Amino acid sequence: MVKMTPPMGWNSWNTFGPNINEQLIFEMADIMVEKGFPAKGYEYLVIDDCWSLKERDAGGRLVADPEKFPHGMKAVADYVHSKGLKFGMYSCAGNLTCAGYPGSFEHEFIDAATFAEWGVDFLKYDYCYHSPIIHGKYLYKRMGLALENCGRDILFSACSWGADETHEWIKTTGASMWRSTGDIFDTWESIKSLAKQQEKLHPYNGAGCFNDMDMLVVGMYGKGNVGLKGCSDVQYKTHFSLWAFLGSPLMIGCDLRNMSQTSYDILTNEELIRINQDPACRQPDKLIGIWNGDDILIYEKHLAGGDIALGLFNLREERAGVKVNLDEMGLPASTGKTLEMTEVWTGEKYVVKNANIMIDLDAYDCAVYRAKVVDL
Ligand code: GLA
């Protein structure tokens with residue numbers, strides 16, 4: 001399957017871990033639609049690890065755990081589809097999944113056929129317990145090929161955490177997205193570290209195969225499977241802004257049934273989603289800025305149609321000033337042009353007058369602009 005903009009949806013792992021079942025998935029499908037997430041672009045509902053029995057059946061096929069999914073997976077897929085959503089599942093390139101359930105190694109084609117039969121539209125494919133001899137490239141190529149030949153359009157979401165130089169070979173496998181980081185946790189340190197780890201991988205992101213910075217922790221507030229300390233609203237705002245700006249798939253990980261209004265507003269910011277889903281999917285450029293020092297990230301991205309997105313991120317624990325010059329965006333004064341900026345969280349507008357942008361940001365905060373090129 002070919003996907004030209006970053007996939008968006010919800011995944012069960014961050015909040016529910018192994019505690020998944022049919023009722024939960026039905027409720028999540030209901031609330032996703034009730035809250036209007038599909039209209040914002042969130043289309044996939046994905047069940048992560050721990051959905052199967054520990055043994056395959058006599059025919060070598062995976063079996064959904066009848067206690068968790070009493071009507072089988074086809075019934076779950078049918079329900080999700082009846083809501084207008086797409087249905088995602090999980091397997092692994094190893095003998096076992098990360099939580100110890102059967103993996104798809106040496107069962108790639110039979111598993112792809114099973115997923116197709118159940119009506120699956122998305123497969124997250126993990127890397128635990130993989131062969132120490134066969135390179136990851138070949139393991140992902142097998143499943144990529146199995147999915148392309150299974151008779152159903154199934155998005156292939158590779159999850160080898162960037163290991164074994166994933167960026168060098170992942171585009172050979174047919175994956176539409178690939179985990180370019182280790183696992184996320186619901187802490188500011190985790191968000192900051194994943195954003196920084198990503199810096200050297202931006203050249204590999206682009207239309208058709210997206211760097212996946214892992215599922216969002218927005219709205220978890222320390223509750224659930226990867227909960228830990230939790231984050232503040234401003235930290236969640238910056239987390240979402242970074243993931244969206246940098247072109248990561250946007251997979252929500254909190255419990256949608258009892259989310260706060262602020263979390264909802266963060267996850268549905270239309271202008272940020274528009275930047276994330278920009279049809280050009282250009283590489284974001286990390287700008288140098290003017291004397292900003294450590295832990296200030298400045299990114300710029302040229303958008304389809306000529307606008308520019310600019311993101312200023314203060315990863316420090318204290319308020320900081322951020323300065324950047326338009327030269328770095330391709331707009332020196334000699335062009336006779338400047339920028340008319342609109343901030344995506346506040347709607348505030350202004351025109352840059354002297355080629356410099358100077359913004360004060362609170363601790364952990366960010367500002368993201370969509371800017372038009374106008375006459376000086
Ligand atoms: C790995 C993945 C996670 C999640 C778990 C499930 O750690 O990176 O995203 O899928 O496995 O066991």
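Every number for a ligand or one of its atoms is a count from 1 in the order of the listing. For the single chain, residues carry numbers from 1 onward in sequence order. Keep in mind it's a predicted model, so treat the numbers as computed, not measured.
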*Answer with yes or no whether Tyr127 contacts ligand 1, where contact means a heavy atom under 4.0 Å from a ligand atom.*
no
*Decide if atom NE2 of His71 counts as having more than 12 heavy atoms of other residues, nucleotides or ligands within a radius under 6.0 Å.*
no
*Protein contact to atom 12 (O) of ligand 1 [nearest heavy atom, distance to 0.1 Å]*: Asp49 OD2, 2.7 Å
*Answer whether the closest heavy-atom distance between the side chains of Asp214 and Trp161 falls below 4.5 Å.*
no
*Establish, for the pair Lys86 and Phe122, whether the NZ or CZ atom is under 6.0 angstrom from the six-membered ring centre and no further than 45 degrees off its axis.*
no
*Among protein heavy atoms, which lies nearest atom 10 (O) of ligand 1, and at what distance?*
Asp48 OD1, 2.6 Å
_Can you confirm if the NZ or CZ of Lys3 lies within 45° of the ring axis of Phe210 and under 6.0 Å from the centre of its six-membered ring?_
no
*Which protein heavy atom lies closest to atom 7 (O) of ligand 1, and at what distance to 0.1 Å?*
Asp183 OD2, 2.6 Å
*With Tyr90 via ring pair (Phe, Tyr, Trp, His ring centres under 6.0 Å) - residues at least two apart*: none
*asked:* Judged on heavy-atom distance to atom 5 (C) of ligand 1, which of Tyr101, Trp13, Tyr125 sits nearest?
replied: Trp13
*If you measure from each non-hydrogen atom of Thr97 to ligand 1, which part falls under 4.0 Å: side chain, backbone, both or neither?*
neither
*Among all protein heavy atoms, pick out the one at the shortest distance from atom 9 (O) of ligand 1; state its residue, atom name and that distance to 0.1 Å.*
Lys124 NZ, 2.8 Å
*Give the residue and atom name of whichever protein heavy atom lies nearest to atom 1 (C) of ligand 1, and the separation in Å to one decimal.*
Asp126 OD2, 3.0 Å
*Are Leu310 and Tyr299 close enough that some pair of their side-chain heavy atoms sits under 4.5 Å apart?*
no
*Numbering the atoms of ligand 1 from 1, which are under 4.0 Å from a heavy atom of Trp161?*
2 (C), 8 (O)
*For ligand 1, indicate whether the residue Cys128 contacts it via side chain, backbone, both or neither (heavy-atom separation under 4.0 Å).*
neither
*Asp164 bridged to Lys137 by N-O distance under 4.0 Å*: no
